[in-house]
Amino acid sequence: MDRSIWIGRKLCPPPPGAARCHAPSSWPTARNKENKNEHGTGQGWSRNKEHGTGLGWCRNKEHGTGLGWCRNKEHGTGLGWGRNKEHGTGLGWGRNKVHGTGLGWGRNKVHGTGLGCGRNKVHGTGLAWGRNKEHGTRRGCGIWVYFLSKECKLGALSIEYTGKEMVFSGIPVASGVAHGPVCLVGQKGYSIPERRIEDSEVQSEIHRFQQAIVETRRDVLEVQEKVTSALGDENGRIFDAHLLVLEDQALLDQVIRSISDSRMNVEWAFRQAADKYIQALAAIEDEYLRERAADMRDVTDRVQRRILGLDSTLHNPDSIKKPSLLVGHDLAPSYTAMLRREMTLGFVTEVGSRTSHTAILARSLKIPALVGVEGICGRIRNGQVAVIDGFDGLFILNPSPQTLFEYGQLVQKKSFALGPVYAERSLPSVMKDGRRISISANIEQSSNVTDVLDSGAEGVGLFRTEYLFISRDRLPSEEEQFEAYDEVASVLSPNQVVIRTLDLGGDKILSKVDHAPEINPFLGMRAIRLCLQQVQLFKAQLRAILRASRHRNVRLMYPMVSCVSEITQANAILEECKSELRRDGVDFDEEIPVGAMIETPSAAVTSDILARHVSFFSIGTNDLIQYSMAVDRLNEKIAYLYKPAHPAILRLIHRTVTNAQNHGIRVSVCGEMASEPVFIPILLALGVDELSISPPLIPGAKFLVRHMDPSQLKTIASMALDFAEENELIEFSRSIIQDCAPALLDTDRSL
């Protein structure tokens with residue numbers, strides 16, 4: 001028999017067969033007048049004196065809410081036979097004295113949580129008949145009543161109990177809580193034939209191999225483009241490792257030798273060579289290098305499938321028809337990147353680590369995820385209900401109503417905290433002292449314009465045009481480029497659209513461009529350097545951008561400028577394009593603003609000279625940090641050297657801003673540094689005028705700008721320029737956010 005569960009007024013645990021939860025349809029009549037209620041609401045035998053709400057046999061004196069036989073004196077909430085004295089919440093026969101939460105026969109004294117006959121004294125969590133004194137967690141059984149949906153609405157939840165609750169431990173790689181049915185995913189098996197080939201077959205087998213490499217490269221570039229479009233350059237560069245495998249001449253030569261010298265069929269020759277590399281990487285003690293074996297396994301599997309004429313992907317994400325928790329032995333980075341967010345509640349794998357590229361993608365996608373849950377695939381079946389706890393690293397199969405209540409409370413708290421952030425996303429990003437900070441979006445293609453509008457962005461601060469060029473069999477024409485640029489400019493008018501010219505090279509190579517291989521492509525022929533060499537390619541893009549400027553809201557920007565001569569050369573070519581369009585009678589913005597990206601130390605140091613030749617600066621912090629600190633940020637072995645708040649980086653930013661202000665031009669930051677809330681106060685303190693970030697992050701950035709205390713920026717600026725300890729500076733910035741927008745720092749259970 002089904003039974004409703006009411007929160008606050010009635011507590012009715014459901015039978016083992018099912019659990020539902022409903023908000024009460026009505027409350028007892030309030031007696032506000034008799035019970036001395038000022039500025040608040042009292043419902044159901046309640047007494048509420050000032051600015052609060054009391055529901056159900058409660059007494060609430062100041063600024064709080066008491067629900068259900070509780071007593072609450074100051075600024076808190078007591079629910080269910082609880083006593084709560086100061087700034088806290090007591091739920092269910094709990095006693096909570098200072099800044100904490102007690103749920104279910106718990107006693108909690110200082111800054112902690114006691115749940116279920118637990119006693120918790122200092123900064124810890126006790127769950128169900130546990131005793132926890134300092135900074136720890138104990139778990140057992142507890143009393144939980146309901147689970148809240150992701151939208152934080154109380155509703156009905158049908159649970160199929162298929163067995164006893166089981167808890168598995170793993171490595172949490174992406175925080176959050178996910179709840180739903182399990183969907184087992186895995187690689188579709190295939191067999192590798194082994195046979196000797198005839199002399200006449202050698203060339204055809206080599207051709208099959210080369211064709212598979214070309215097709216796989218196209219597949220990987222397509223995945224990379226989609227990831228970059230959704231998650232930014234940093235995550236797109238994860239697939240550089242895959243592209244490097246496809247360009248590894250030693251591997252390619254070994255396969256071709258096996259085919260031509262040993263007369264082995266291509267499938268077997270490639271598998272033998274690939275396995276040799278994978279096994280060598282997997283045997284390395286270093287965790288970072290060992291995890292690269294997973295990348296190689298991913299891309300070589302794609303090649304093998306191409307050789308065999310099979311679907312190039314494993315278990316197609318499109319086959320998942322309802323929101324699910326994905327569980328598998330391993331999820332390749334390319335598969336993770338293609339997951340549909342609306343159908344993926346979270347995922348669990350049997351292998352992996354925090355340094356795997358799959359884990360990095362999960363964090364960027366904000367999908368709760370665990371890895372290293374050994375043997376889980378053999379313990380579950382499709383359709384079973386489970387919970388992923390991406391904070392404590394738990395996978396809970398057949399969760400009880402008690403467990404669901406716990407995680408429902410957690411989801412409710414976090415959703416409630418983020419509510420105001422999204423509610424204010426359409427408001428202007430103006431600081432309390434009246435300073436206007438533009439918050440714009442980074443995009444890669446015209447289809448992203450809907451995300452820009454939904455996010456509350458004030459235009460586009462970076463249109464990465466190179467993604468119109470990669471993953472194509474031919475170069476896009478001027479007309480194709482114009483249509484893409486014009487669509488964005490038209491839809492977003494009158495808001496600005498900053499279009500960056502081609503940033504090809506480095507990690508983004510285009511096979512249709514005549515470009516010789518380089519030992520170090522990141523320090524070679526890339527970006528503006530490549531455009532100045534490939535003039536016709538550059539002119540076609542400049543003409544397309546100029547034509548789109550007819551809406552009078554387009555700005556043009558050159559990437560990776562290192563010296564003033566590059567700007568003068570590019571501007572000379574731009575003037576040629578303008579003359580051609582005038583001659584043809586084409587409308588364009590004669591005064592189109594031209595800017596430069598500050599991504600190299602040389603550009604930052606000479607920004608006073610560059611400022612005389614451009615209308616604005618945009619600081620690309622990713623490359624600026626990488627080149628200044630001589631560190632590859634994706635290399636976990638030296639990741640500790642990648643320090644955005646290093647004094648050298650802050651001085652370069654401050655110097656750029658000062659020189660820009662002296663010449664009356666604005667400065668934006670479009671790198672990942674602007675995407676991290678903790679760095680936003682630092683950038684604003686250094687005088688940055690605009691932030692350009694991924695659309696999903698814009699509401700949080702705008703909320704922070706609107707609510708932070710501007711007077712504290714002076715302290716940050718002083719600390720940054722007086723060489724305070726990096727950690728000290730970051731912690732001070734974090735304290736600012738904690739005061740005005742703590743939800744933006746929410747990476748664990750506590751807000």
Side-chain angles (χ1 to χ4, degrees), residues 184-224 239 241-284 290-319 326 328-338 349-352 356-358 377-378 471 473 511:
L184 283 164
V185 296
Q187 186 170 331
K188 296 177 181 177
Y190 54 82
S191 58
I192 305 297
E194 179 186 6
R195 65 183 179 86
R196 294 286 177 178
I197 60 174
E198 302 295 332
D199 292 351
S200 59
E201 296 179 273
V202 170
Q203 289 306 314
S204 63
E205 291 292 280
I206 292 176
H207 177 73
R208 286 176 60 206
F209 174 59
Q210 293 172 334
Q211 186 63 29
I213 293 293
V214 171
E215 292 173 349
T216 303
R217 179 181 175 80
R218 186 180 63 228
D219 294 339
V220 173
L221 285 170
E222 181 179 349
V223 172
Q224 186 178 54
F239 295 93
H242 294 210
L243 295 173
L244 289 173
V245 171
L246 298 173
E247 297 168 2
D248 187 330
Q249 202 59 49
L251 173 63
L252 304 182
D253 289 347
Q254 183 175 338
V255 175
I256 292 175
R257 281 198 304 270
S258 296
I259 295 172
S260 57
D261 296 345
S262 303
R263 296 296 191 269
M264 296 173 63
N265 63 306
V266 61
E267 296 91 343
W268 189 258
F270 180 70
R271 174 45 54 91
Q272 292 290 98
D275 282 352
K276 179 181 178 181
Y277 277 72
I278 293 170
Q279 291 168 8
L281 283 172
I284 295 176
R290 190 169 61 247
E291 282 299 334
R292 301 294 72 81
D295 294 312
M296 188 162 190
R297 190 178 296 109
D298 182 9
V299 70
T300 56
D301 180 72
R302 280 181 170 273
V303 175
Q304 193 66 262
R305 287 175 176 277
R306 282 294 185 185
I307 295 173
L308 292 168
L310 302 174
D311 182 356
S312 62
T313 62
L314 51 85
H315 192 106
N316 191 343
D318 291 337
S319 66
L326 307 187
H329 175 70
D330 193 12
L331 296 184
S334 58
Y335 178 80
T336 308
M338 302 303 291
T349 65
E350 293 183 321
V351 298
S356 69
H357 283 156
T358 296
C377 292
S471 300
D473 296 327
S511 60

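Computed from heavy atoms alone, side chains included, the values below leave out hydrogens, waters and symmetry copies. Just so you know, these numbers come straight off a predicted model, no measurement behind them.
Side chain of E267 to main chain of L308: no donor-acceptor pair is present (N/O by atom type, distance under 3.5 Å, no hydrogens or angles). Under a 3.5 Å cut-off, the side chain of N265 and the backbone N or O of P193 do form a donor-acceptor pair. Here the side chain of E205 pairs a donor or acceptor atom with the backbone of V266 at under 3.5 angstrom.
Put simply, the side chain of Q211 does not reach to within 4.5 Å of the side chain of R306, judged on heavy atoms. Within the 4.5 Å cutoff, side-chain heavy atoms of L243 are placed close to those of L221.
Summarising the geometry, atom CD belonging to Q254 is positioned 4.5 Å from atom NZ belonging to K276; distances are rounded to the nearest 0.5 Å. Atom OG1 of T349 is separated from atom CG of L326 by 11.0 Å, given to the nearest 0.5 angstrom. For the atom pair CD (Q224) and CG (D219), the distance works out to 13.0 Å, reported to the nearest 0.5 Å.
Evaluation of the side chain to side chain donor-acceptor pair (under 3.5 Å) rule for E201 yields R195 as partners, not counting sequence neighbours. With sequence neighbours excluded, the residues that form a side chain to side chain contact (heavy atoms under 4.5 Å, CB included) with V202 are I197, I206, I259, S260, R263. In this view, D253 and Q249 satisfy the side chain to side chain donor-acceptor pair (under 3.5 Å) rule, not counting sequence neighbours.
Looking at every heavy atom in both residues, T300 comes nearest to F270 through O-CE2, 3.3 Å. Residue S258 comes nearest to A269 through the heavy atom pair CB-CB, 3.7 Å, listed as atom of the first residue, atom of the second, then distance. The shortest heavy-atom contact between L251 and Y277 is N-OH, 3.6 Å. Across every non-hydrogen atom of V245 and V299, the tightest pair is CG1-CG1, 3.5 Å.
Under the 4.0 Å criterion applied to side-chain N and carboxylate O atoms, R271 and D275 are assigned as salt-bridge partners.
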